[in-house]
There are 2 protein chains.
Amino acid sequence: MENAPTASQDEGLTPNRTRSLSVADRIRSAILCGDFAPGEKLREVHLSETLGVSRTPIRSALQALAAEGLLDYAPNRGYAVRSFQTAEIVDAYEIRAMMEALAARFAAERGLSDAERAVIEGALADGDRLLAKGSLHDDDRVTYGSINFAFHDAIHSAARCRMLGEMIRLCQSVAPSSHRNIVAFEFDDVRRRHDDHHRIYDAILARDSYRAEILMREHVASVRSSLVRSMLKRAAGSTPPSSRLSAAG
Amino acid sequence: MENAPTASQDEGLTPNRTRSLSVADRIRSAILCGDFAPGEKLREVHLSETLGVSRTPIRSALQALAAEGLLDYAPNRGYAVRSFQTAEIVDAYEIRAMMEALAARFAAERGLSDAERAVIEGALADGDRLLAKGSLHDDDRVTYGSINFAFHDAIHSAARCRMLGEMIRLCQSVAPSSHRNIVAFEFDDVRRRHDDHHRIYDAILARDSYRAEILMREHVASVRSSLVRSMLKRAAGSTPPSSRLSAAG
DNA sequence: TCAACCAATAATGTATACATTCTTGCACAA
DNA sequence: TTGTGCAAGAATGTATACATTATTGGTTGA
């Protein structure tokens, strides 16, 4: 009902899309959207019936998602949604800070292509324009998210290192999996980070690899700090110790 | 013939070993031993006949090895042995240097368990004993390899970060896959690196996370430098430019 | 009441047949 | 000779039946 037959919806744009890959995308989205509780078991037959494909592509998709770190696997016991502790998410930002710093260093050492330079300069200009307003609405935050992604993605590409890109992807797949992870950045936070972007770009252009590395490391680490601060604030605010026990179990 | 029926060789020590996992281990070993040429295609039916299992566990194993980075995959075109350029191997050491440095920092921040401390002190003492001889035979180099592994593995464990451990594993799976990668370390190299181990342990014990990180980063980076030097020397020595064209194609 | 045991059930693991896609080789025309 | 097109073969993708392993529930014994 809800899902059209997969075979007939092949779109010409994406040439080789196997059922396994499509199914992996759908399950991944569902996990990241929080449709499954952490630790929840994913049964093959159930997914098979829900998604309208046989168990074979389901198994393949689950294995792929486990390799991405989204699922836990135990032989003969199947797959379960991996539950990330707060500490693991914070650690992932530390790892990502190191990896992005290395990417910035590589980019500085190896130089930017014309396309990459254009993307970065576009991202910087777009950000300048957005921040010139002096405040941010929710839509603006989404927009800045795209700008931010474009900036970092161009640097990953400029690093010319496939393994580094893969590892950064792994780090990124951890954080969004936690639902309570939407940090409402303040305007000043965003402005400061956008200023970081300018400096990092300057360092890369100047082929100053050491400065590019240090700046990027601090840049990502500051996101981690904001995250921790935000989580502490929420923990203290939303569930004060007194009201906790009085709430119905 | 050569392979006993997998089902009957279940050993009590390893409880849940599926055919997929066993097959993945065998193919992984074959790749790391260089039984397949870089870029060589791995056909499912062929492997299925060779290893005496059906295509199902073969496909699962190939997907796992692709996730580990040992194989390349393209939809409808199967799997091929990933060929690592020299630059990629060198880059992997840079990545590993960052990751191991972070692991050392985490270990210093979070402390060592009694077991981890015992392993490290054992590795340091064993290394001291080996190096006291003043020279190394080939057997000694193998022995020191085990000592080195024990030291680093204990620190990975002390980092208390699963994702970090997984990423370091990924880095390590790259380097050995290149055959021309056996660096014949000189005695002085090994002695210097063992001294690094002592200093790193001291820093971790002293909870000096900054020093532990810096020392470990330099420690791994020095291996990369030795590797590069060794490759340059071999390139210059074994195939001098003059003899290159005279050799039969 | 509680623990251990065992059968029934349901899940995952494997083998195999079929479907789809890619590759290969040759025929044919420019 | 060279390039295009097509058909045969071989490879991968999928579905399904069967095998093996976990889990569950109840029974039995203390």
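Numbered from 1 within each chain, the chains take letters A, B, ... in sequence-line order. These values consider heavy atoms only, across backbone and side chains, with no hydrogens, waters or symmetry-generated copies. Note that the structure is a prediction, hence the values are computed from the model and not measured.
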Separation of A/H46 atom NE2 from C/dT9 atom C1', in whole Å?
-> 18 Å

Should B/R117 and B/E121 be marked as a salt bridge (charged side-chain N to carboxylate O under 4.0 Å, His left out) after you check the CA-CA gap, both sets of side-chain angles, and the distance that decides it?
-> CA-CA 6 Å; B/R117 191 159 30 222; B/E121 290 181 356; 5.2 Å; no

Spacing of A/L227 atom CG and A/R224 atom CZ [to the nearest 0.5 Å] = 9.0 Å

Give, for atom CD1 of A/I95 and atom CD of A/E88, the distance between the pair rounded to the nearest 0.5 Å.
-> 9.5 Å

Contact class for B/L62 vs. all strands (heavy atom < 4.0 Å): base, sugar-phosphate, or nothing?
-> nothing

Exercise: identify the closest heavy-atom pair between B/E116 and B/R160 = OE2-NH1, 2.9 Å

Where do N or O atoms of nucleotides 13-17 of chain D meet protein N or O atoms at under 3.5 Å, pair by pair?
from, atom 1, to, atom 2, distance (Å)
D/dG13, OP1, B/Y73, OH, 2.6
D/dG13, OP1, B/N76, N, 3.0
D/dG13, OP2, B/R59, NH1, 2.6
D/dG13, OP2, B/R59, NH2, 3.0
D/dG13, N7, B/R55, NH2, 3.0
D/dG13, O6, B/R55, NH1, 3.0
D/dT14, OP1, A/R19, N, 2.3
D/dT14, OP2, A/S20, OG, 3.0
D/dA15, OP1, A/R19, NE, 3.4
D/dA15, OP2, A/S54, N, 2.8
D/dA15, OP2, A/S54, OG, 2.6
D/dA15, O5', A/S54, OG, 3.4
D/dA15, N7, A/T56, OG1, 2.6
D/dT16, O4, A/T56, OG1, 3.4

Can B/R169 and B/E68 be counted as an ion pair, charged N to O under 4.0 angstrom?
-> no

So what is the end-to-end bend of the helix from C/dT1-D/dA30 to C/dA30-D/dT1, with 5 pairs used at each end and the value given to 10 degrees?
-> 10°

Begin from the C-alpha positions of A/S48 and A/V53 and carry the test side-chain contact (heavy atoms from CB on, under 4.5 Å) through to its verdict.
-> CA-CA 5 Å; A/S48 160; A/V53 298; 5.6 Å; no

Separation of D/dT12 atom C1' from B/L71 atom CG, nearest Å, is 15 Å

NZ or CZ of A/R141 within 45° of A/Y144 ring axis and under 6.0 Å = no

How close or far is atom P of C/dA10 from atom CD of A/E49, stated in whole angstroms?
-> 12 Å

List the steps and the verdict of side-chain contact (heavy atoms from CB on, under 4.5 Å) for B/Q63 and A/R59.
-> CA-CA 11 Å; B/Q63 188 181 346; A/R59 284 178 61 82; over 6 Å; no

Please report, rounded to the nearest Å, how far the C1' atom of D/dA10 is from the CG atom of B/L47.
-> 15 Å

